[in-house]
Amino acid sequence: IGHTVEEVLPEAFPSLKPLLDQVILEGRPAGNFRITVVMPGEGQTAEWEATYLPIRASGGEVGGVYVQAVNLTAKLLAERALADSEKQLRRVLDSLFAFVGVMSPDGTLLQANRAPLDAAGIDANDVIGKPFWDTYWWSYSEKVQDWLRRACQRVAAGEIVREDVVVRMAGDSRMALDFMLVPMRDDDGVITHLIPSAIDISDRQAAQLRIESALRERTVLLQEVHHRVKNNLQIIASLLRLQSRAAAPEVALALHDSENRVMAMALTHQLLYERTDFSALELGPYLKRLAGSLRDAHGALMNRIQLRVDAPDDGLQIELTQAVPVALVVNELITNALKHAFAPHQAGSVEVTASLREGQITVSVRDDGCGLPADSPLSNGASLGFSLVTLLTQQLNASLLWPQPGRPGAMFVLKLPKGSAHP
């Protein structure tokens with residue numbers, strides 16, 4: 001108070017004097033001008049927006065100046081900080097290899113980072129302000145555009161969409177993307193924008209195709225291995241059959257049993273050859289095929305003895321390392337029932353069942369024949385068949401329940417340990 005403008009604001013006065021003269025001498029207002037001044041007593045520079053209006057005396061002459069000034073320093077600093085923040089965010093987004101954008105809820109593209117623009121060889125002006133589905137990346141296919149239009153509508157309603165898609169890039173090339181579209185909400189939960197993002201998965205898909213091709217080659221190779229093993233085992237079985245024709249009856253019977261054992265192993269490899277999963281074997285189909293093979297091998301005997309199998313066609317798997325031992329055990333038990341359970345000309349049945357109970361596979365071979373006599377070679381360990389079954393059961397870390405001697409009928413129950421069953 002009591003000082004001139006020049007005294008209060010010496011550095012700014014040269015800029016203010018013409019404006020003051022305009023008001024005082026000419027009576028014309030100076031409105032909404034900006035001035036930078038050094039604040040008295042503070043020494044800090046401030047940005048102001050001011051208006052000078054003439055104050056007229058009763059005679060109409062200018063008797064003073066009305067000054068209205070607003071300090072813009074804080075506002076301008078905030079605006080600069082926001083602009084710097086936006087530039088920083090833009091630099092961050094533009095440095096990403098991922099594709100990122102911002103859309104309005106109606107699907108209009110508002111922003112896009114550099115990566116998708118550079119990959120497509122286009123400028124931001126080519127796509128900003130357009131419906132996203134009409135932009136260069138998507139406009140190569142009406143089907144793709146329709147999908148994206150519906151996706152934008154779903155996301156605007158609150159959903160999240162994620163899909164592998166193919167888009168157009170520079171030179172009319174195609175690129176596979178892992179594409180995601182999510183809604184962005186304000187503090188009140190209102191959807192204000194849609195955020196598309198994507199990463200290039202072309203290399204990943206190419207690698208996946210190479211892996212799938214390698215797996216197919218591996219599958220074919222393993223199938224060929226099992227096929228050749230099966231063929232070799234069949235040749236061995238044929239040689240045993242030929243040799244049995246010229247052998248003494250007891251020797252021919254032993255060779256015939258060995259032939260059945262070899263065919264049981266060959267059947268395992270035949271089933272593996274027919275599958276594409278070599279880690280496990282479906283037990284049900286194997287038992288049914290084995291029963292059919294034994295029916296053929298025992299010929300006329302099957303006219304009076306029924307051989308049945310009760311096992312599911314799928315869902316009952318054994319590990320590959322257990323396939324051959326289990327096959328030999330079951331083959332031995334069925335063969336033993338067919339050879340020893342029934343008197344000559346006696347009719348009967350042999351039933352094989354398999355099931356999964358409490359994580360264990362249980363395989364039983366039951367007949368309604370004369371039962372196991374007390375002096376049976378199978379019960380005292382004198383036979384090759386019994387010795388083979390015992391050794392294979394130990395190899396499987398399994399248990400085999402034997403029928404009680406002296407009772408009609410017989411049932412052998414093989415229980416595979418936990419961990420061998422595949423649900």
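- With no hydrogens or angles considered, a side-chain donor-acceptor pair links R168 and S139 at under 3.5 Å.
- Within the 4.5 Å cutoff, side-chain heavy atoms of M103 are placed close to those of P196.
- A donor-acceptor distance shorter than 3.5 angstrom exists from the side chain of S173 to the backbone of A170, with no hydrogens or angles considered.
- Between P183 and L194, the shortest heavy-atom distance links the atoms CA-CD2, 4.4 Å.
- Using a 3.5 Å distance cut-off with no hydrogens or angles, the side chains of T362 and S355 do not pair a donor with an acceptor.
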* Asked: Step by step, would you call D187 with R185 a salt bridge (Lys or Arg N to Asp or Glu O under 4.0 Å)?
  -> CA-CA 7 Å; D187 293 340; R185 302 174 186 270; over 6 Å; no
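- The minimum heavy-atom distance linking I361 with V363 is given by the pair CG2-CG2, 4.0 Å.
- Centroid-to-centroid, the aromatic rings of F179 and W138 come within less than 6.0 Å.
- Counted by atom type alone, E47 and T73 present zero donor-acceptor pairs between their side chains at under 3.5 Å.
- In this structure, the side chain of S202 engages the main chain of A176 through a donor-acceptor pair within 3.5 Å.
- F132 does not carry R149 over the face of its six-membered ring by the limits of under 6.0 Å from the centre and within 45° of the normal.
- Here the side chains of W147 and V165 are in contact, with some heavy-atom distance below 4.5 Å.
- Between the side chains of T192 and D186, no donor-acceptor pair of N or O atoms lies under 3.5 Å.
- V389 is listed as a side-chain neighbour of L400, based on a closest heavy-atom distance under 4.5 Å.
- Side chains of D134 and Q145: a donor-acceptor N/O pair is present below 3.5 angstrom, by distance only.
- Annotation for L392 and P325: closest pair CD1-O, 3.9 Å, computed over non-hydrogen atoms.
- Scanning both residues, V62 and G27, for their nearest heavy atoms gives CG2-CA, 3.9 Å.
- Here the closest non-hydrogen pair linking A157 and I191 is C-CD1, 4.3 Å.
- Side chains of M169 and Y140 form no contact here, defined as non-hydrogen atoms less than 4.5 Å apart.
- Side chain of T135 to backbone of V127: no donor-acceptor contact under 3.5 angstrom is found.
- Summarising the local packing, CE of M411 is surrounded by 12 or fewer heavy atoms from other residues, nucleotides or ligands at distances under 6.0 Å.
- Without hydrogens or angle criteria, R114 side chain to A119 main chain gives no donor-acceptor distance under 3.5 Å.
- Annotation: R162, atom CZ; neighbour count of heavy atoms from other residues, nucleotides and ligands within 6.0 Å does not exceed 12.
- Taking every heavy atom of both residues into account, V37 and A12 meet most closely at CG1-CB, 3.4 Å.
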